[in-house]
Amino acid sequence: NMTADQSSSSIAAAFKVFQQELDTKHDKYERLVKISRDITIESKRSIFLLQQDVEEVLKEAAVKLDGVTQKIGLIAEELRGEDIHQFHRAFTPGIQEYVEAISFLHYIRHRSLISLEEINAKLVFMKAEKSSVEVVPADVQVLTFQVTPSDYLLGVADLTGELMRMCISSVANGDIDTPFQLSQFLRQIHDGFSYIGNTGPYEVSKKLHTLRQSLAKVEDACYALHVRGSEIPKHMLADVFSSRTALIDPEESMV
Amino acid sequence: NMTADQSSSSIAAAFKVFQQELDTKHDKYERLVKISRDITIESKRSIFLLQQDVEEVLKEAAVKLDGVTQKIGLIAEELRGEDIHQFHRAFTPGIQEYVEAISFLHYIRHRSLISLEEINAKLVFMKAEKSSVEVVPADVQVLTFQVTPSDYLLGVADLTGELMRMCISSVANGDIDTPFQLSQFLRQIHDGFSYIGNTGPYEVSKKLHTLRQSLAKVEDACYALHVRGSEIPKHMLADVFSSRTALIDPEESMV
Amino acid sequence: MSVTEMFSFIQGFLSADQDVREDLRKVVQILEQAAREILTVLQSVHQLTGFKEIPSKCAKARELFCTVRTQIADLKTKFPVEQYYRFHEHWRFVLQRLTFLAAFVVYLESETLVTREEVAQILDIEVVREKGFHLDVEDYLAGVLIMASELSRLAVNSVTAGDYSRPIRISNFINELDSGFRLLNLKNDPLRKRYDGLKYDVKKIEEVVYDLSIRGLGKEHKCGEDK
Amino acid sequence: MSVTEMFSFIQGFLSADQDVREDLRKVVQILEQAAREILTVLQSVHQLTGFKEIPSKCAKARELFCTVRTQIADLKTKFPVEQYYRFHEHWRFVLQRLTFLAAFVVYLESETLVTREEVAQILDIEVVREKGFHLDVEDYLAGVLIMASELSRLAVNSVTAGDYSRPIRISNFINELDSGFRLLNLKNDPLRKRYDGLKYDVKKIEEVVYDLSIRGLGKEHKCGEDK
Amino acid sequence: MSVTEMFSFIQGFLSADQDVREDLRKVVQILEQAAREILTVLQSVHQLTGFKEIPSKCAKARELFCTVRTQIADLKTKFPVEQYYRFHEHWRFVLQRLTFLAAFVVYLESETLVTREEVAQILDIEVVREKGFHLDVEDYLAGVLIMASELSRLAVNSVTAGDYSRPIRISNFINELDSGFRLLNLKNDPLRKRYDGLKYDVKKIEEVVYDLSIRGLGKEHKCGEDK
Amino acid sequence: MSVTEMFSFIQGFLSADQDVREDLRKVVQILEQAAREILTVLQSVHQLTGFKEIPSKCAKARELFCTVRTQIADLKTKFPVEQYYRFHEHWRFVLQRLTFLAAFVVYLESETLVTREEVAQILDIEVVREKGFHLDVEDYLAGVLIMASELSRLAVNSVTAGDYSRPIRISNFINELDSGFRLLNLKNDPLRKRYDGLKYDVKKIEEVVYDLSIRGLGKEHKCGEDK
Amino acid sequence: MSVTEMFSFIQGFLSADQDVREDLRKVVQILEQAAREILTVLQSVHQLTGFKEIPSKCAKARELFCTVRTQIADLKTKFPVEQYYRFHEHWRFVLQRLTFLAAFVVYLESETLVTREEVAQILDIEVVREKGFHLDVEDYLAGVLIMASELSRLAVNSVTAGDYSRPIRISNFINELDSGFRLLNLKNDPLRKRYDGLKYDVKKIEEVVYDLSIRGLGKEHKCGEDK
Amino acid sequence: MSVTEMFSFIQGFLSADQDVREDLRKVVQILEQAAREILTVLQSVHQLTGFKEIPSKCAKARELFCTVRTQIADLKTKFPVEQYYRFHEHWRFVLQRLTFLAAFVVYLESETLVTREEVAQILDIEVVREKGFHLDVEDYLAGVLIMASELSRLAVNSVTAGDYSRPIRISNFINELDSGFRLLNLKNDPLRKRYDGLKYDVKKIEEVVYDLSIRGLGKEHKCGEDK
Ligand SMILES: [Mn+2]
Ligand SMILES: [Mn+2]
């Protein structure tokens, strides 16, 4: 029985180590889930602001998104020295929503698709080490977070839904340029996803149907604009929309 | 256009109020979800401790569960003056897990089913009002939380799974009384759920199958104990298990 | 308390709950019937001949709301008032329909957006939860969105009926409404979906206005009628 | 970067990913074959005649682990080492099987619980993630639990083969293991399910011990062999 | 009676039931083919050239309904008449399609809503269940709703074919139909879903009428026919 | 008849149908309550102490079937008897449960398989459809299969209660039942699924008999029957 | 060729295909009935009295396989032989059942594993696909696994019937079978799932042997037969 | 032959099968890549500027079909030709996509419906199963239906690009296709579901033609073709 006790304590000791390891991992996972939820909510709110397409609101959204970026910094901190893929499921919803928001802001400002590099370039964080209480600049550490290509793809897939909403709003506001621009852009994204086809992650395939529907809505909107526009001579067109289009700020005013 | 502006501002003013109302609700919902997740995790950990059936571990679990109770206090605080059913979906998973844990502890201590009243009696919280900084006892406010009968039922349904685990452990430990007690108890719960049948919430019906399986496992265990026990004269039985059963503490030692 | 007693106790609670729900289902079904009747009255505004009759149709609808009030009063007696959200799903849909109808009547009468207070008054319910059976803000907003869609239909039919100024007024109104909704942080919930539909309504109305403007229709009327 | 370029870039990444997975699938399939071969060797301990041959069977199994090490070495070259968890699902199952086999060999040899370090050594992998391709703690634990189930079978077959002391030693060992697992806060995950199975193994072995004890079998042997 | 005898006896029951269902499946398949043929005949009314041929197409369809009647007569012989609802699912779908086709023919001929009695007559079945194989009221309504959707398509294609008055008549007809349905208290069943589609058809047709109206098309006809 | 009149007329039909269904739902709910009460009475036979009380429990259950008969009599009045299959789904489930309960009582009393005639008599309904409200053969079979599963539980608990002969009798009974079902040509329907469960019950009971046999328990009875 | 002609032509294809499937369904249903009859004959070996009758039961089963051969001959005529895999799903299930039955007969007769060749001969079909309607290797394996599960039941019932040596022979046989399957590299398909069930059968039979061994039952027989 | 030998032999079979499937997966993956490339080329016809380039795009697509032919030639070598239906699922999806692409090219070039023969020729496969690797009729139909949906998109985008005659031609083409499909007796299978989508495409295109017609757009072309 002596030996049993001894070996028992050795097994017990080993399992106490396992216990700590598992609990640490689980707690970290749980913290990441919570950060991810926050990121999702704030990103969604930013997107909602962005749909309003008014300069000051855009600024507000940009500020909100900077806050989100800081939250991603918290994820980066949790993952310091970890294998990002071990905890990926915990934060992927938040990151996807962030990609959707940031790429939407980027499109509004630049009328182009933000690249994965550009997103990742935003996710570099300077952290003052806690070791020394005084703020010594030399003690600053750089932390980065890398969005995976899959999360990027999934975020962009969701972006197309927002672009469709933006297109319909533009049509409703009598803005005739944006819909055509958007249809061009959306078609490119659609063709891109067609090109990737089923080689991408499974979730992308699931979103493809919605993407097609969004594209159809945008193409229908352009069609409607064109058909209606066909009824009067071209030179009158500008006149008809002049009062409204003036309200839409030209692109160059923002960067 | 003047009137349009005026009415516009009145609509805008109204919608700003709605915005605040919706955001407040959403934020509260989100906070409740997070508390609920914490409650779930801590309850699960308590249950795990309880499965060990060792006096000091029981105490540790009880302490952990007191912590969970305090977390439910946070929910009660969030719901102060609210309609509990408006946010019910946010915290029902946590509460169900708490019911499972607290009723398990109760069974271990008293070998009986904790009642809904007994659970609710634990969920009374004294809160010192923040208004005055000094701690004046007169300024204490009583907050309560009421577990719904459905959440109670769902928690008890999950309890049966833990009871089954406990039964198998007891058999494995050579404890011959507990399995028969448990089979009796589990049969009562099973009959209770049969009695309720499909009049209960939908989720209960879903759990009924698992409950039946748990009961079958416990009945099989008792059957196995009996069949094995049948091979030797009754008076020898005690002898065989004596060394082990001594380790199992008698009920009266705890309360 | 024994296990059996405990389950009897719970069973009692569940039975009571089922009875409440059974009662609610019945009252709500009657309410839905009433709502459909009001809708039938108001539908006639889309007809060629219906435009002149708007005031009388609105008056008729207002009358029918009396019945609705009685029925809602009945509904209130069927469950404990503090448990509003427990049974919310039962009347949610019909309350949104009734809000839509109230909002439509008010719009037809005064071309203004009904306030939550007004809807509450028309239905004889509360605005604030603490005061009693109330109109949830999301249900109010849903009702308003249903009306927006009805207005886009009205804009189309106004033109058919030869009224070229109404679409322009509807357009202004819907635009204001849209601005209001833009202020809200809607989640991915049913309300958000409905709000996405608003954009299509705005678009449709804008198309009507466009059709009128390129034909030089409606301009003179608008001036004449607006001021 | 244009949209097209961006998608080409991503497509490149995805293709690379697919290629890695294709490679992993192949190596893992070979590993599974090797694991099945080791299992076949060790299965013979359940046979009536197998008990005397345990040492030679263990030696044979140890030999076969050489091949496994070579194959794992190959596996490691198929993906970037820091992306262990990205492809974890590919080898998770086979690694648990191999852990089981290693644990079984070690138990048969010395009646002790293999440590994570020992498994890592037998498979020529790391314990600590930072150092390289490692054995995840959950996979180690899963492997140990598979062994527990095999031991309950061994306890049964030992009796059939006339070895009455082994079940008692297995019983003690499994009880210790059970105590160890009780320390862990397992979530509702696959590991928890497997651990629930452990209780049945404990139960089965306890039944065997009981059967022996009421027949007065094994007692004398236990004393004789244990000390 | 022994258990074996009883089960042999029961097998008799089950076989008979399976045979009936097999027979029904075959006859229904033939009926579906006939329905598709009638549809093909009627589809041509949507073509540019089809409008003049409506009478001849209707006549042709009426002829094809003869075959349908023969097939339904055959269907009736395949099962005991009182067990209509036991096998209802087998022919439910095709009966709705046939109702739609009958309703469409009648509308094209006379621009009226076919009654249940008329459909029953066309298919040579009963209206009242007690009298024999009958047309269930819900199936009749479903058929009518399918026609409504076909009419919205017809309105669109009428304009393309240069017939500007037909859409206006369709619009009036559909509005009347909509009012009719609003009298019904439909539950959340397939019929309710189909009825929700009617709203879309109403709106679509109104938009066609709007398009004509704003362009001043069809005015002369409307006056002429309306008054 | 105008469209409005026709639809009003149809609404009459629909309302009548909905009223019937509402009535049926209520009666069935009460029947389910009664069935649950009988179940509660019979479930006590699984208790350790319940075996001696089987006769009194059966008597009690028989009494409760009186109430069931009254309720079924009430059910029959709620719809035209020839429309049995139209509303079949409403009572199908509860009739299967009641068949199970009747079969269980009969088995406990006489250890024989209840015939469809007996069940019909206990519930005071018909066997032959033509004669009135009857017990559909598939519902009868479903009820019998539910009982088979309850018997496998009873076999286990009999042993625990020290009754070693009952499992052997149950085993013979279930084997006979299994042979009976093998005569049937079941399709891939719910009944087939339930029948697949019977195989598990057969095996389970055989293992109980095995456990008794290997320990020489219940021998005296077995000998008596075997030789 | 016009579009219409082409589609008429295609309809010919589709009809032919549907006819073939209809025919296959019917023949397969008859085959299933035959398989159930053979099963009923063989089931009696599980009965107390059945052990002595094994030879006569096997002979009876062999006879019934004649009918099966005729039916399979009929099945072969229903489709072009090269399209075996096009219609495979139709007969796959019944062929697995028949393989199980053939394997069970052969085991009962000679306690050996039926080969694929033997099954093919019993069913009068081919082993090699090129030669005609054949027994797919996966279907053969599935049939063998069904038998393994039946043997674990037989081991249990042998003991009940007092035959203590049979379980030991079954145990050896099943172990050999298990080793055989361990040579196979099964994917995550239905076969793999069934094979996972084999582990349970192995364990179950080992426990039966254990039960005999610890009670000193069957020893004398074992010696006598083993050596 | 011992059990081990037999299973080793069987493993040979299984490995061969798995190797074939592995090979097929790879070739099909490459084919899918090629199909996506052709799609990318053809999708540019939806661009505003893409209409003039249709001939050059078609030429480019035709070129890419050369590669496809080589890959299909490779595919054919990977399995015995008579086992087409055994492995059908592997290439079914990609063959439908390629049929769609071939049909789309042919339509863009000549505005005719590609025949099965033409598709077979473009892919360098057979029409008749007996002659070798062929295009299954259901896969051909599925591919045609995918094209129909693409054409409805093309009709919309043609108008946006200012081409008003194309939609009218597409409308006629789709109507003919719809008539063709109505000749088929499709079961409740994937093809039937796809065909239900065709109705939506027909309607969509008719609405485009309507929009043009009511605005007098595309008249000149229409007149030319109509009369
Ligand atoms: Mn979004
Ligand atoms: Mn639990």
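In what follows, chains are A, B, ... by sequence order, proteins preceding strands, each numbered from 1. Because the structure is a prediction, the values reported are computed rather than measured. Computation of the quantities below employed the complete heavy-atom set of this structure, encompassing side-chain atoms and omitting hydrogens, waters and symmetry-equivalent molecules.
For the ring pair (Phe, Tyr, Trp, His ring centres under 6.0 Å) test, residues two or more places apart in sequence or in another chain that qualify with C/Tyr84 are C/His88, C/Trp91, C/Phe133, C/His134. Checked against ring pair (Phe, Tyr, Trp, His ring centres under 6.0 Å), C/Tyr140 has the following partners two or more places apart in sequence or in another chain: B/Phe18. Judged as a ring pair (Phe, Tyr, Trp, His ring centres under 6.0 Å), and not counting sequence neighbours, the contacts of C/Phe87 are C/Phe79.
For the 3.5 Å distance criterion, the side chains of B/Ser205 and B/Asn198 fail to qualify, holding no donor opposite an acceptor. Between B/Gln86 and C/Arg129, the side chains place no donor N or O within less than 3.5 Å of an acceptor N or O (distance only, hydrogens not considered). With hydrogens and angles left out, the side-chain atoms of B/Arg111 and B/Gln181 include a donor and acceptor closer than 3.5 Å. Inspection of the C/Thr115 and C/Glu118 side chains reveals an N or O donor paired with an N or O acceptor under 3.5 Å.
Chain B forms the most heavy-atom pairs under 4.5 Å with one residue out of C/Asp136, C/Leu113, C/Thr112, C/Thr4, and that residue is C/Leu113. Among the candidates B/His88, B/Gln19, B/Lys16, the residue making the largest number of heavy-atom pairs closer than 4.5 Å to chain C is B/Gln19.
At a 4.5 Å heavy-atom cutoff, B/Gln20 makes no contact with chain C through either its backbone or its side chain. Contacts of B/Thr199 with chain C are made by both backbone and side-chain atoms, with heavy-atom separations under 4.5 Å. Heavy atoms closer than 4.5 Å to chain C are found in the side chain of B/Leu153, but not in its backbone. Within the 4.5 angstrom heavy-atom criterion, no atom of B/Phe87 approaches chain C. Contacts of B/Asp83 with chain C are made by both backbone and side-chain atoms, with heavy-atom separations under 4.5 Å. For chain C, the nearby parts of B/Ile189 are the backbone and the side chain; heavy atoms of each come within less than 4.5 Å. Neither the backbone nor the side chain of B/Ile84 comes within less than 4.5 Å of any heavy atom of chain C. Looking at B/His26, the atoms closer than 4.5 Å to chain C (heavy atoms on both sides) all sit in the side chain, from C-beta outward. Only the side chain of B/Glu21 comes within contact range of chain C, with at least one heavy atom under 4.5 Å from a heavy atom of that chain. Only the side chain of C/Glu130 comes within contact range of chain B, with heavy atoms under 4.5 Å apart. Using a 4.5 Å cut-off between heavy atoms, C/Arg116 contacts chain B through its side chain alone, with no backbone atom that close.
By the 30° and 60° cut-offs, the orientation of the rings of B/Phe145 relative to B/Phe91 is perpendicular.
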**OP:** Take C/Glu207 and C/Lys204 through the test salt bridge (charged side-chain N to carboxylate O under 4.0 Å, His left out) and record every step on the way to the result.
**Re:** CA-CA 5 Å; C/Glu207 282 174 15; C/Lys204 184 75 217 168; 3.7 Å; yes
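For the pair C/Leu191 and C/Leu184, the minimum side-chain heavy-atom distance is 4.5 Å or more. Using a 4.5 Å cut-off on side-chain heavy atoms (C-beta onward), B/Pro93 and B/Glu97 make no contact.
In this structure, B/Ser103 contributes its side chain and B/Glu100 its backbone to a donor-acceptor pair below 3.5 Å.
Scanning residues 16-28 of chain C against chain B with a 4.5 Å heavy-atom cutoff picks out C/Gln18, ordered by number.
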